[in-house]
Novice: 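Below is a structure I'd like to ask you about.
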Amino acid sequence: MQTDFLNEARRQAEICNACRYCEGYCSVFPALHAERAFSDGDLTQLANLCHNCRGCYYACQYTAPHEFDLNLPQALANVRQESWEDLAFPRAAGKAFQKNGVMIAAAAVLGFALLFWLASILKPVSGEGFYAVLSHNAMVAIFLPAFLFPLLSIGISLRRYWHRVGAQPLEMVHLARAFRQAANMKNLKGGHGDGCNFEDEDRFTHARRAAHQAVMYGFLLCFASTSVATVMHYVLGMPAPYGIISAPKLLGLSGGLLLVLGCVEMIRLKLKSDRQLGANKAFGGEIAFIGLLGFVGLSGLVLYALGQTSMMPVLLALHLGSVLAFFVLTPFTKMAHGFYRIAALAVDASR
Amino acid sequence: MTRPENTPDIVVIGGGNAALCAAITAAEAGARVLILEGAPKTYRGGNSRHTRNFRCMHDGPLGPLVESYSEEEYLADLMKVTGGKTDEGLARLAIRTSEECLPWLEAHGVRFQPSLSGTLSLARTNAFFLGGGKSLVNAYYRTAEALGVQVEYEAKVTHLELNEDRIDFLDYTQGGKSHRLAPKSVVVASGGFQADVDWLARAWGPAAKNFLIRGTPYNRGVVLADLLEQGIEQVGDPTQCHAVAIDGRAPKFDGGIVTRLDCVPFSIVVNKDGQRFYDEGEDVWPKRYAIWGRLVAAQPDQVGYVIIDAKSLNLFMPSVFPPIKADTLEELAEMMGLPADALLQTISDFNAACGNPSDFHPTELDGVSTQGLTPPKTNWARAITEPPFYGYSLRTGVTFTYLGLKVDERAQCSIGNRPVSNLWAAGETMAGSILGQGYLAGFGMTIGTVFGRIAGREAAAHAN
């Protein structure tokens with residue numbers, strides 16, 4: 001990890017600890033106030049607890065031009081970003097993708113191209129609907145490793161995280177508390193329930209919290225749709241395609257809509273926000289990732305709408321290509337923050 | 001020259017808590033209000049940026065406040081710190097009105113901390129702002145602008161033209177340009193003069209050059225001086241101010257809360273000659289905190305040095321600058337520029353006077369005191385023996401001055417025995433009307449809020 005980012009975060013944390021005005025905003029400050037000195041691991045934990053809501057920045061009387069020059073959201077964002085690169089498995093992939101929008105776009109294009117190519121060479125002789133373009137077995141052969149590898153990678157990263165911050169063995173009660181906080185995004189409420197200061201200087205709004213909820217629940221609904229379909233296929237012997245009044249379609253449609261709207265709003269808010277309060281270098285990578293995630297949702301919706309037309313094979317390859325790219329990139333893009341955040345919240349609950 | 005149709009009904013001079021309370025109240029009464037804030041936007045809010053809480057009377061649980069805090073108890077607390085130097089009528093007005101202010105603050109966007117850790121246990125008497133004073137200021141600016149209040153930053157008021165008993169014109173400069181306005185009403189809420197060190201030195205003597213200014217560098221008392229020169233009634237002693245002992249390494253201006261040091265009760269404090277000069281264990285820190293500013297100011301070069309040992313390091317709030325640390329007292333003396341022989345003698349005398357420390361209790365008056373020592377240490381007296389040893393320097397930090405404009409219960413200024421018909425004052429500019437000396441935590445915000453609202457109401461009534 002870059003020691004200058006850590007040292008800057010340490011300098012700022014010590015000033016915050018002498019002030020304590022921000023105590024009620026989020027989980028970061030009570031955790032910070034529990035220490036008198038901050039190890040690199042402590043700072044990594046604080047950084048991953050921070051949701052970059054910026055409430056503390058706008059409340060702070062020590063921001064530039066004051067000579068203390070506090071900008072805790074940015075200091076923690078830099079440490080957080082570095083920690084994700086550093087903890088990633090394999091590490092080189094973390095370095096390549098975390099900050100790099102071009103690399104994410106390139107990986108996505110590669111994913112689309114691979115799917116088009118596979119679809120052309122693996123074109124089945126028989127099959128219905130999507131399976132007429134790519135056989136079911138071929139899809140499984142492609143997506144099973146693309147799903148399992150990221151899980152393995154993230155598992156290794158989280159173990160590294162646990163070790164770095166010096167956390168206790170995981171207990172279910174702490175994990176449950178972490179999931180509860182993530183489920184309602186307590187730390188984006190600003191401690192007073194008015195929301196955060198993300199997009200319009202010191203004005204409190206719930207916009208980012210709402211957008212983030214839409215993305216998260218939209219994604220989870222889409223994921224649930226695929227999971228239900230998998231169960232229907234293998235356990236219930238009900239292969240696709242499914243009608244509109246079926247669990248996979250209802251989940252997928254609502255999830256896809258939420259996901260797309262959430263991503264569009266998230267990008268809009270990000271463009272309005274002050275970039276100097278986040279990890280500036282990661283801005284491009286984050287926008288590219290949200291773009292890719294939004295495209296997964298959008299291509300899925302378009303595929304549903306135009307699935308009966310001659311455009312279906314092209315749309316299918318685009319959708320599956322984006323899903324492929326998304327899965328493979330999950331441990332190395334902004335998507336990883338969800339896992340680290342849950343980990344940080346669980347560690348915090350255990351202290 | 002501003003055209004007449006752009007002339008606001010009311011000009012509020014200043015941009016801190018009192019100014020904003022006045023502007024919001026006047027705008028809600030239908031007046032067109034202009035705030036002239038001398039600081040740039042990033043530094044707006046005066047000393048309110050650095051404040052933290054609001055002392056509030058209450059009959060029962062109110063907002064974040066627990067139990068009750070009666071008018072009599074509040075007044076008794078004020079009498080204690082001021083030694084009776086207060087206008088009881090105005091003080092009672094401020095105290096009584098504070099109760100209705102708390103819901104008013106909340107209705108205008110201010111948010112409070114639900115509870116507080118750290119060392120201050122003031123949950124009954126003081127409501128703490130979530131995010132501190134700057135978040136309060138931000139909320140008020142949002143509220144004021146939504147009400148149509150105009151705000152000009154870096155707008156420095158240079159002169160109010162008094163004609164008989166009325167302000168006819170107001171001059172200010174902004175971006176190198178001069179402007180003259182003729183508002184119907186004027187509210188002065190531009191703070192004390194503590195950032196004008198020359199003025200401080202005229203009042204205090206040359207020692208004041210060594211003081212640090214805890215608050216905003218923009219409170220230079222320009223409007224205050226202008227009005228006093230024209231004969232507006234003044235109040236308060238120019239040598240009285242809110243002065244505390246802060247970390248000697250703090251910035252010259254604007255260091256704010258983080259420069260405080262809470263370690264004095266667990267320490268000995270010596271001057272530059274290595275001599276103790278006051279009972280460090282007189283009372284718990286928040287209560288005795290404010291007296292140390294004056295104690296240090298009376299020492300040579302206006303500096304003091306706090307010495308503790310390893311066993312005390314974690315008993316107080318973390319300091320913003322790390323302490324000076326040494327394995328021996330000789331080394332510490334050298335690092336702090338103190339005469340080693342004198343310091344060692346002082347510590348050895350102190351250690352010899354310390355009795356049995358087994359009743360030591362860091363959070364209450366424990367009666368663990370020295371025997372036969374002058375000055376004594378009457379609580380928390382434990383021998384300084386355990387290395388490493390730590391030291392901090394102390395200097396006098398001025399928050400705000402008490403010399404100001406005398407006001408009546410309608411916040412109106414006067415000249416001779418008659419009121420100035422369109423001039424009101426609020427906040428630190430008139431706080432000397434109530435605070436003759438000493439300080440009560442959170443009372444500055446009470447005065448600012450109460451008199452800001454009164455000034456806004458009266459200024460609007462005059463203008464409408």
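Since we're looking at a predicted model, the values are computed, not measured. Numbers restart at 1 for each chain; the letters A, B, ... are given by sequence-line order, proteins then strands.
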Novice: In terms of heavy-atom pairs under 4.5 Å, which option from A:C16, A:C19, A:G191 contacts chain B the most?
Specialist: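 Of the candidates given, the most pairs with chain B belong to A:C19.
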Novice: Identify which part of B:S48 has an atom lying under 4.5 Å from any heavy atom of chain A, answering side chain, backbone, both or neither.
Specialist: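 Contact with chain A is absent: no heavy atom of B:S48 under 4.5 Å.
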Novice: I'd like to know if B:K41 and B:E154 make a salt bridge, using a cut-off of under 4.0 Å between side-chain N and carboxylate O.
Specialist: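 Between B:E154 and B:K41 there is no salt bridge, as every charged N stays at least 4.0 Å from the carboxylate O atoms.
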Novice: Under 6.0 Å from the ring centre and within 45 degrees of the ring axis: does the NZ or CZ of B:R55 meet both conditions for the six-membered ring of B:F443?
Specialist: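 Because its charged atom misses either the 6.0 Å distance or the 45° angle limit, B:R55 does not stack over B:F443.
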Novice: Taking every non-hydrogen pair under 4.5 Å, which of B:D254, B:L136, B:T42 racks up the most with chain A?
Specialist: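 The residue among B:D254, B:L136, B:T42 with the greatest pair count is B:D254.
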Novice: Within 45° of the axis and under 6.0 Å from the centre of the six-membered ring of B:F128, does NZ or CZ of B:R52 qualify?
Specialist: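 Pair B:R52/B:F128 does not count as cation-pi.
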Novice: Between A:R36 and chain B, which part of the residue has a heavy atom less than 4.5 Å away: side chain, backbone, both or neither?
Specialist: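 Side chain only.
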Novice: Under a 4.5 Å heavy-atom cut-off, does chain B meet the side chain of A:N197, its backbone, both or neither?
Specialist: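 When you check distances to chain B, no heavy atom of A:N197 falls under 4.5 Å.
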Novice: Select one option (side chain, backbone, both, neither) describing which atoms of A:C60 are under 4.5 Å from chain B's heavy atoms.
Specialist: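 When you check distances to chain B, only backbone atoms of A:C60 fall under 4.5 Å.
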Novice: So what's closer than 4.5 Å to chain B heavy atoms on A:F29: side chain, backbone, both or neither?
Specialist: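 Neither part.
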Novice: Is any NZ, NE, NH1 or NH2 atom of the basic residue among A:K334 and A:E286 found under 4.0 Å from an Asp or Glu carboxylate oxygen of the other?
Specialist: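 Salt bridge between A:K334 and A:E286, a charged N being under 4.0 Å from a carboxylate O: yes.
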Novice: Please flag which part of A:C56 lies under 4.5 Å from any non-hydrogen atom of chain B: side chain, backbone, both or neither.
Specialist: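 Neither part.
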Novice: Taking every non-hydrogen pair under 4.5 Å, which of A:E201, A:Q61, A:E67 racks up the most with chain B?
Specialist: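 Most pairs with chain B among the choices: A:Q61.
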Novice: Can you tell me which of B:R49, B:R142, B:K134 forms the most heavy-atom pairs within a distance under 4.5 Å of chain A?
Specialist: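 Sorted descending by pairs with chain A, the first entry is B:R142.
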Novice: For the pair B:F321 and A:F68, name the ring-plane relationship: parallel under 30°, tilted 30 to 60°, perpendicular over 60°.
Specialist: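 Aromatic pair B:F321/A:F68 classed perpendicular.
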Novice: Kindly state whether the ring of A:H337 and the ring of A:H212 have centres lying under 6.0 angstrom apart.
Specialist: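 A:H337 vs A:H212: aromatic centres under 6.0 Å.
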Novice: Describe, in one word, how the ring planes of B:F112 and B:F129 are oriented to each other, choosing from parallel (under 30°), tilted (30 to 60°) and perpendicular (over 60°).
Specialist: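 If you compare the ring of B:F112 with that of B:F129, the planes turn out tilted.
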